[in-house]
Chemist: 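To start, I am sharing the structure in question, which I have written as structure tokens.
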Amino acid sequence: QVQLVESGGGLVQAGGSLRLQCAPSGRTFNSDTMGWFRQAPGKEREFVARITWSDGSESYADSVKGRFTISRDKAKNTVYLQMNSLKPEDTALYYCEAQKYISRTRYDYWGQGTQVTVSS
């Protein structure tokens, strides 16, 4: 069975940095895109960033553009989220997600989340 495992969360002061990691565990898994979502208490889960596995094209939420960078390591089958200039409003549970397209169907996979807390 495929599992997505996140790591790298923690507590930092405003202006600090964290680097999140996500990798599938278990059997061999190939996804078309991988990315990150986050959810703060009382808020809807929101899109943060996504990367296309084949060509490395990136997309970001407006709220993180210029501060966060998503990347992938094909050899390690791992996706990263480098978060710089963190703000208290970045505090949330960050989820890794993967998308696999088969014909006209999209399959979604989710990790359990890693907590990011930014103090002021």
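Every value quoted in this text rests on a predicted model; they were computed, and no experiment measured them.
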Chemist: Please report the interatomic distance CD(Glu44) to CD(Gln39), rounded to the nearest 0.5 Å.
Modeler: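 Reported value, rounded in 0.5 Å steps: 7.0 Å.
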Chemist: Would you call Gln99 and Asp32 a side-chain contact if the rule is heavy atoms closer than 4.5 Å?
Modeler: no
Chemist: Under 4.5 Å between any side-chain heavy atoms of Pro24 and Tyr109, yes or no?
Modeler: no
Chemist: Which pair of non-hydrogen atoms, one from Gly35 and one from Ile70, has the smallest distance, and what is that distance?
Modeler: CA-CD1, 3.9 Å
Chemist: Would you call the rings of Tyr95 and Trp110 parallel, tilted or perpendicular if under 30° counts as parallel and over 60° as perpendicular?
Modeler: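 The arrangement is perpendicular - the two ring planes meet at more than 60°.
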Chemist: What distance separates Glu97 CD from Leu4 CG, expressed to the nearest 0.5 Å?
Modeler: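 Here the interatomic distance stands at 8.5 Å.
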Chemist: How many angstroms lie between atom NZ of Lys87 and atom OG of Ser85, to the nearest 0.5 angstrom?
Modeler: 8.0 Å
Chemist: Would you say the side-chain atoms of Gln21 and Thr78 include a donor-acceptor pair closer than 3.5 Å?
Modeler: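 On atom types as modelled, these side chains do not qualify, holding no pair under 3.5 Å.
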Chemist: Rounded to the nearest 0.5 Å, how far apart are CD1 of Ile102 and OH of Tyr107?
Modeler: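 Ile102 atom CD1 to Tyr107 atom OH measures 5.0 Å (nearest 0.5 Å).
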Chemist: Check for a donor-acceptor pair, side chain of Glu6 on one end and backbone N or O of Gln112 on the other, with a separation under 3.5 Å.
Modeler: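 Yes, because the side chain of Glu6 sits within donor-acceptor range (under 3.5 Å) of the backbone of Gln112.
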Chemist: Can you tell me how far CD of Glu58 sits from OG1 of Thr33, rounded to the nearest 0.5 angstrom?
Modeler: 13.0 Å
Chemist: Is a salt bridge present between Arg38 and Asp90, judged by a nitrogen-to-oxygen distance below 4.0 Å?
Modeler: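 Counted as a salt bridge, because a side-chain N and a carboxylate O are separated by less than 4.0 Å.
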Chemist: For Tyr60 and Thr69, which heavy atoms make the closest approach, and how far apart are they?
Modeler: OH-CA, 3.4 Å
Chemist: Applying a strict under-4.5 Å side-chain criterion to I, L, V, M, F, W and Y, I'd like to know whether Phe37 and Ile51 cluster together.
Modeler: no
Chemist: Determine yes or no for a side-chain-to-main-chain donor-acceptor pair under 3.5 angstrom, with Thr117 supplying the side chain and Thr91 the backbone.
Modeler: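 The answer is no, because no donor-acceptor pair under 3.5 Å joins these two groups.
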Chemist: Check whether any side-chain N or O of Arg72 sits under 3.5 Å from a backbone N or O of Trp53 as a donor-acceptor pair, and report yes or no.
Modeler: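 Yes; judged by distance alone, with no hydrogens or angles, the pair exists.
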Chemist: Answer with yes or no whether the hydrophobic clustering places Leu93 together with Leu11; edges join I, L, V, M, F, W, Y residues whose side-chain heavy atoms lie under 4.5 Å apart.
Modeler: no
Chemist: Are Trp36 and Phe68 linked, directly or through other ILVMFWY residues, by side chains that come within less than 4.5 angstrom of each other?
Modeler: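 Same cluster: Trp36 reaches Phe68 through Ile, Leu, Val, Met, Phe, Trp or Tyr contacts under 4.5 Å.
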Chemist: Please report the closest heavy-atom contact between Leu81 and Ala49, naming both atoms and the distance.
Modeler: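 So the two residues come closest at CD1-CB, 4.2 Å.
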Chemist: So, for Met34 and Cys22, which heavy atoms are closest and what is the spacing to 0.1 Å?
Modeler: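 Nearest pair, atom of Met34 first, then Cys22: CE-SG, 3.9 Å.
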Chemist: Using every non-hydrogen atom in the two residues, find where Phe47 and Ser59 come nearest and quote the distance to one decimal.
Modeler: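 Scanning both residues completely, I find the closest heavy atoms to be CZ-OG, 3.5 Å.
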Chemist: List the atom of Ser120, the atom of Pro88, and the distance in Å for their closest heavy-atom pair.
Modeler: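 That closest heavy-atom pairing would be CB-CG, 3.9 Å.
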Chemist: Can you hop from Tyr94 to Val118 via hydrophobic side chains spaced under 4.5 Å?
Modeler: yes
Chemist: Using the rule that two of Ile, Leu, Val, Met, Phe, Trp, Tyr join whenever any of their side-chain heavy atoms come within less than 4.5 Å, decide whether Leu20 and Val64 are in one cluster.
Modeler: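 Linked, Leu20 and Val64 end up in one cluster.
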